[in-house]
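In what follows, a single structure is set out as structure tokens and then discussed.
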Amino acid sequence: MKETIQNIKGTKDILPKESYLWLYIENYIHNHFSKFGYQEIRTPSFEKTDLFLRSIGQETDIVSKEMYSWIDQGNNKLTLRPELTASVVRSYIQHQMGKQNKLHKLYYLGSSYRRERPQKGRFRQFKQFGLEAFGSSLPEQDAEIIYMAYSLYKSLQIKNLRLKINSIGNRNSRKQYKIELQKYFTKFKNELTEASQKRLKINPLRILDTKVDFEVELVKNAPKIIDYLDLDDQKHLESVLYFLKDMNVPYILDPYLVRGLDYYSRTVFEIQTNTLGAQSALCGGGRYDYLVKDLGGQDTPAIGFAAGLERLIMALDMDIGNKNPDIYIVSIGDSALSYSFNLANSLREKDLIVLTETIGRSLKSQMKDANRLNASHVIIIGDDEIKSQMASVKNMTTGHQEDVSLSKIIDYF
RNA sequence: GUGGCUGUAGCUCAGUUGGUUAGAGCGAAGGAUUGUGGUUCCUUAGGCCGUGGGUUCGAUUCCCAUCAGCCACCCCA
């Protein structure tokens, strides 16, 4: 027996049953972001590996073990993008957008790739959408971005939304905080889990995310980043919170919220819901004031967020089906068949959904098919109809049927 | 990468304490109704019981491995 080829682990076919919902949501996202004056950017699915090494951070799991990387025939080190911010920043720098005007507001919607073990809400190819605002260091920009994310989910009626927000300060305060955190947890080093002992060396901020009971207790008494923020960072955070409150966006100030990627500074936030299993995050983002410069651009403040489309769709309580056909043309015989093709084409010019027969079924089967597809009308054309120049038009809901002259049938609909 | 659970028809699932031809519902195809759908009735098709190996006279059933799916850990959208 020939071996059949299957899709790759962690990837998924989106069949027509679901694809209508996907299309609807994608359009919804385009529309939502456009309302705020953000414009779409599309970047390639793969980039030079260096881009991700320099932006995401060498110590992160994404870079150290989850990237789909390869060397091509020209000896270039390439990688399928594991996220889109790096690509957007690369493009921003490359096209000198900062010189065109001071503020650039971009959104994106595209696939990302990470070689992780799949589970609920996590795939190896997944669609991310998100946005980036370049040029403003002001808290009102943070507030706008957070509002855009929150209102998207809110307007789609996602239940049990939790917006968590925190500030991780500037580079200096973060560095100082890291050292203090390391000091604190080192005192309990022998009690920590193996995982946390590793985190202690590599990224002590991660310990704050622990789910182990006794570590959660330790975290409660750990130093808080808020206490290490400098005056400007504090003011910035306060202003962001003020704007959110003013726009009626409920938030939870979570001093233990940290984000995985290296490039964040100051504001970080996450929107969660409880329908996604262990993957509670719908989206995550924050300010990254150093990244543009780190990647070789001008010193440019920026903030953005990334969200998972699969997770959004999973959290949705919505059923969008295919549009039902307006007309199903049942034809019997060769001359009727070619007549039906031309009739269908004319009707389609009126933006109607019109189906014709292409598999030589009996009248009865065609009627069954029309019924199954929920067509609202059926036009029946056979040799008799061609001779008499009259076709039968049946309303499938009422069952009512009448004869309509072929010359007037287009105006009938 | 680690762990747990699950793989039987297109779908949802039964079943075989190891023993001739593995079942149901839904769906599909055809018919009752030779040119009229939905309801009803009848008929039919569709299965290497995930794959490979082992034990056995005999394995879909027991054992091992493997692959896939789901879920969790790690990490993350």
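With rounding to whole Å, Glu116(A) atom CD is found 12 Å from rG1(B) atom C1'. Summarising the geometry, the separation between CG on Asn7(A) and P on rG69(B) is reported as 7 Å, rounded to the nearest angstrom. Atom CG in Asp61(A) sits roughly 9 Å away from atom C1' in rC76(B) (whole-Å rounding). Whole-Å rounding puts the Leu15(A) CG to rC11(B) P distance at 11 Å. What separates OH of Tyr263(A) from C1' of rA77(B) is a distance of 11 Å, to the nearest Å. Remark: P of rC11(B) and NZ of Lys17(A) are 13 Å apart, rounded to the nearest angstrom.
Taking a 6.0 Å sphere around CG of Asp246(A), one finds it holds more than 12 heavy atoms contributed by other residues, nucleotides or ligands. For Tyr28(A), the OH atom sits in a packed shell: over 12 heavy atoms of surrounding residues, nucleotides or ligands are nearer than 6.0 Å.
Side-chain N/O atoms of Arg122(A) and base N/O atoms of rC75(B) include a donor-acceptor pair closer than 3.5 Å. The base of rC76(B) sits within donor-acceptor range of the side chain of Arg311(A), with an N or O pair under 3.5 Å.
If you check every strand for non-hydrogen atoms under 4.0 Å, Ser112(A) touches nothing. Within the 4.0 angstrom heavy-atom criterion, no nucleotide atom of any strand lies near Gly333(A).
Residue order along RNA chain B, read from the 5' end via each residue's closest nucleotide, puts Gln6(A) first among Gln279(A) and Gln6(A).
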task: Using a 3.5 Å limit on both pairing distances, list the dot-bracket string of RNA chain B from the 5' end; Watson-Crick and G-U wobble pairs count, crossing pairs take [ ], interstrand pairs take |.
output: (((((((..((((.....[...)))).(((((.......))))).....(((((..]....))))))))))))....
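Remark: Arg115(A) is in phosphate contact with rG1(B), judged by side-chain N or O atoms under 4.0 Å from OP1 or OP2. OP1 or OP2 of rG30(B) sits under 4.0 Å from a side-chain N or O of Ser365(A). Side-chain N/O atoms of Arg199(A) include one lying less than 4.0 angstrom from OP1 or OP2 on rC75(B). At the phosphate of rC76(B), OP1 or OP2 sits under 4.0 Å from a side-chain N or O atom of Arg206(A). Within the structure, every side-chain polar atom (N or O) of Gln119(A) is placed at least 4.0 Å from both OP1 and OP2 of rC71(B).
A salt bridge links Arg372(A) with Asp369(A): the closest approach of a Lys/Arg side-chain nitrogen to an acidic carboxylate oxygen falls below 4.0 angstrom.
Nucleotides rA28(B) and rG69(B) are separated by 26 Å at their C1' atoms, to the nearest Å. Rounded to whole Å, the C1' atom of rG54(B) lies 33 Å from the corresponding atom of rC73(B).
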message: Please determine whether salt bridge (charged side-chain N to carboxylate O under 4.0 Å, His left out) holds for the pair Lys12(A) and Glu310(A), giving the CA-CA distance in whole Å, both sets of side-chain angles, and the decisive distance to 0.1 Å.
response: CA-CA 11 Å; Lys12(A) 203 180 147 189; Glu310(A) 287 82 357; over 6 Å; no
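Side-chain contact check for Tyr113(A) versus Thr79(A): every heavy-atom pair is 4.5 Å or farther apart.
RNA chain B lies under 4.0 Å from at least one heavy atom of each of the following residues of residues 269-278 of chain A: Gly277(A), Ala278(A).
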- request: Going 5' to 3' through nucleotides 33-41 of chain B, assign each nucleotide B (protein heavy atom under 4.0 Å from a base atom), S (under 4.0 Å only from sugar-phosphate atoms) or - (no protein heavy atom that close).
  value: --BBBB---
